[in-house]
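Take a look at the structure set out below.
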Amino acid sequence: MRILEINHCRKQFGTAEVLTDISLSVDEGQVVSIIGPSGSGKSTLLRCATLLETMDGGEMRYLDKVAVREENGRAVYASASELKQIRSYFGLVFQNFNLFPHYSVLKNITEAPMLVQRRKRDEVVATARELLKKMGLADRENAYPYQLSGGQQQRVSIARALAMRPKILFFDEPTSALDPELTGEILKVIRDLAAEHMTMVIVTHEMSFARDVSDHVIFMDGGVIVEQGRPDDVINHPKQERTVQFLSRFN
């Protein structure tokens, strides 16, 4: 089943074209990694996919719902009520955790499912505790973000995203704010989610991780998809000279 489909996405900031004719699709259970140099458009693409940024042109569909269609060369968005439904299909994990500093760990995870999805408190709390146990944080539910390491905060933010029961989870460079030791913690969590067939799109600079965990790798540069395919093909046997240049920095 196709969870996400983007066709011919375009995005400009002023006169600078940041995304040019980007098309991709993600099927249920698939892990897609997006790699590329800083400034290549990776994070902007993720922000367009999660409705934090508006596309200038192109189409986007989640499951059976059209989020964006193109009319007369410009992007037209679905109604507010339809976009609200579409937002329930995905979760997003940011680079910098984005936890509420004045909420406990448990409240950070339970607030949105109760307020936005109107789910019962007992059920949401039970789910949150199960997720904290899975993240190795069962004993930290009453702690506040400032009392946690960066790796622990990122695990809470992953638990918070999962508590909303998304169909697809987006990660925007989830380890970039962490030191190498804490990076390993987060990559293990994502590996475990991949083993459970969680549908994910991951913007990452961790090449060996992208190769080992992904079903599909997209290499972006200059706002276009330069090369994409199976991880072994793109990372171990790239065909495009620009991909070769980029990956040579990691070998």
Side-chain angles (χ1 to χ4, degrees), residues 1-6 24-35 42-43 45-47 49-52 60-65 67 85-95 97-99 105 108-110 112-113 116-117 119 123-124 126-138 151-176 178 182-218 228 230-231 235:
M1 180 171 64
R2 184 140 296 173
I3 304 282
L4 169 66
E5 186 166 354
I6 296 174
L24 62 91
S25 61
V26 185
D27 293 336
E28 187 175 26
Q30 196 175 29
V31 178
V32 175
S33 286
I34 304 176
I35 62 172
K42 307 183 302 294
S43 290
L45 175 59
L46 226 61
R47 290 177 66 82
T50 54
L51 305 173
L52 292 172
M60 181 163 68
R61 174 188 289 270
Y62 275 94
L63 294 169
D64 56 338
K65 297 220 177 309
Q85 172 72 52
I86 288 164
R87 281 189 178 91
S88 74
Y89 292 158
F90 60 76
L92 175 59
V93 177
F94 297 91
Q95 298 178 27
F97 327 135
N98 283 24
L99 298 174
V105 163
N108 261 289
I109 297 170
T110 58
V116 178
Q117 296 179 332
R119 283 156 57 194
E123 178 240 322
V124 171
T127 298
R129 286 185 171 140
E130 195 58 42
L131 286 166
L132 284 172
K133 186 175 168 188
K134 187 173 175 177
M135 299 291 154
L137 296 169
Q152 289 172 326
Q153 288 186 62
Q154 191 61 296
R155 280 182 278 156
V156 172
S157 70
I158 295 171
R160 179 179 62 181
L162 290 169
M164 298 292 282
R165 301 189 296 211
K167 304 283 187 198
I168 181 171
L169 202 50
F170 292 92
F171 292 86
D172 187 9
E173 298 189 18
T175 61
S176 67
L178 303 175
L182 298 178
T183 291
E185 289 179 15
I186 301 308
L187 297 183
K188 182 187 182 304
V189 168
I190 299 173
R191 280 178 202 276
D192 291 346
L193 291 172
E196 294 167 13
H197 307 293
M198 180 76 205
T199 310
M200 294 183 281
V201 176
I202 308 162
V203 169
T204 183
H205 286 301
E206 303 287 336
M207 293 305 129
S208 58
F209 171 77
R211 184 191 59 221
D212 296 345
V213 171
S214 313
D215 302 297
H216 191 79
V217 171
I218 293 171
Q228 62 178 316
R230 295 183 316 162
I235 294 176

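Qualifying ring pair (Phe, Tyr, Trp, His ring centres under 6.0 Å) partners for Phe171, counting only residues two or more places apart in sequence or in other chains: none.
Nearest heavy-atom pair across Ile35 and Thr204 is CG2-O, 3.7 Å. Closest approach of Ala49 to Ile6, counting heavy atoms only: CB-CD1, 4.1 Å. Closest approach of Gly91 and Pro166 over heavy atoms only: N-CB, 3.5 Å. Looking at every heavy atom in both residues, Thr199 comes nearest to Asp27 through CG2-O, 3.5 Å. Here the closest heavy-atom approach between residue Leu99 and residue Gln153 is recorded as CD1-O, 3.6 Å. Across all their heavy atoms, Asp172 and Ser43 have their closest contact at OD1-OG, 2.9 Å.
For the pair Leu46 and Phe94, the minimum side-chain heavy-atom distance is 4.5 Å or more. Contact check for Ile168 versus Glu28: no side-chain heavy atoms found under the 4.5 Å cut-off. Looking at heavy atoms from C-beta onward, Val105 lies in side-chain contact with Leu132 at the 4.5 angstrom threshold. Between Arg2 and Arg61, every side-chain heavy-atom pair lies at or beyond the 4.5 Å cut-off. Between Phe209 and Ile202, some side-chain heavy-atom pair lies under the 4.5 Å cut-off. Side-chain contact between Arg160 and Leu131: absent, with no pair of heavy atoms (C-beta onward) separated by less than 4.5 Å. Inter-residue side-chain proximity for Leu45 and Ile218 is flagged as unmet; no heavy-atom pair is nearer than 4.5 Å. Annotation: side chain of Asn108 is not in contact with side chain of Phe97 (no heavy-atom distance under 4.5 Å).
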Query raised in the report: Between Leu51 and Ile86, is a side chain to side chain contact (heavy atoms under 4.5 Å, CB included) present by the stated rule, with each step listed?
Result: CA-CA 9 Å; Leu51 305 173; Ile86 288 164; 4.2 Å; yes
Report task. Apply side chain to side chain contact (heavy atoms under 4.5 Å, CB included) to Gln154 and Thr175, showing your working. Result -> CA-CA 8 Å; Gln154 191 61 296; Thr175 61; over 6 Å; no
**Report entry** side chain to side chain contact (heavy atoms under 4.5 Å, CB included) evaluation trace for Lys167 with Met1
**Finding:** CA-CA 11 Å; Lys167 304 283 187 198; Met1 180 171 64; 5.9 Å; no
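The NE2 atom of His216 sits 10.0 Å away from the OG atom of Ser33 when rounded to the nearest 0.5 Å. Note that CE of Met207 is 7.0 Å distant from NE2 of His205, once rounded to the nearest 0.5 Å. Distance check, rounded to the nearest 0.5 Å: CD1 of Ile3 to CE of Met200 gives 12.5 Å.
Remark: the Thr127 side chain and the Glu130 side chain contain no N/O donor-acceptor pair separated by less than 3.5 Å.
Without hydrogens or angle criteria, Gln30 side chain to Met198 main chain gives no donor-acceptor distance under 3.5 Å. Using modelled atom types, one side-chain atom of Asp215 and one backbone atom of Val31 make a donor-acceptor pair closer than 3.5 Å.
Using cut-offs of 30° and 60° on the angle between ring planes, the pair Tyr62 and Phe90 is tilted.
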Could you give the side-chain donor-acceptor pairs of residues 183-194 under 3.5 Å, partners two or more places apart or in another chain?
from: Thr183; atom 1: OG1; to: Asp179; atom 2: O; distance (Å): 3.0
from: Glu185; atom 1: OE1; to: Arg155; atom 2: NE; distance (Å): 3.2
from: Glu185; atom 1: OE1; to: Arg155; atom 2: NH2; distance (Å): 2.8
from: Lys188; atom 1: NZ; to: Asp192; atom 2: OD2; distance (Å): 2.8

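The one candidate from Arg165, Lys65, Met164 that meets the side-chain contact (heavy atoms from CB on, under 4.5 Å) condition with Tyr89 is Lys65.
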